[in-house]
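The residues of the chain are indexed from 1 along the displayed sequence.
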Amino acid sequence: MDMSLVAAALALQAGNTQTQIATSVMKSNLDAEKSSVETILGIPSAPSTANLGPGIGSNLNVTA
């Protein structure tokens, strides 16, 4: 096999690895930005049970 083909294949693999790493880092950054914006806007990360009636949203006893 020609060495230039081997070098090209290795360069493609390195490029794919760099793309995967960049995609992962970008997703992590976007998730952090989303969390920051939700915090600034006052959007809760979990639904609030403050306005629900008694017993709603609590644990269910399945042994009884």
Donor-acceptor list for residues 8-28 side chains, cut-off 3.5 Å, not counting sequence neighbours:
{"from": "N16", "atom 1": "ND2", "to": "L12", "atom 2": "O", "distance (Å)": "3.4"}
{"from": "T17", "atom 1": "OG1", "to": "Q13", "atom 2": "O", "distance (Å)": "3.0"}
{"from": "T19", "atom 1": "OG1", "to": "G15", "atom 2": "O", "distance (Å)": "2.9"}
{"from": "T23", "atom 1": "OG1", "to": "T19", "atom 2": "O", "distance (Å)": "2.8"}
{"from": "K27", "atom 1": "NZ", "to": "D31", "atom 2": "OD2", "distance (Å)": "3.0"}

Pairs involving residues 3-19, ordered by first then second residue, that meet salt bridge (charged side-chain N to carboxylate O under 4.0 Å, His left out) (sequence neighbours left out): none
Salt bridge (charged side-chain N to carboxylate O under 4.0 Å, His left out) contacts in which one or both residues fall within residues 9-25, not counting sequence neighbours: none
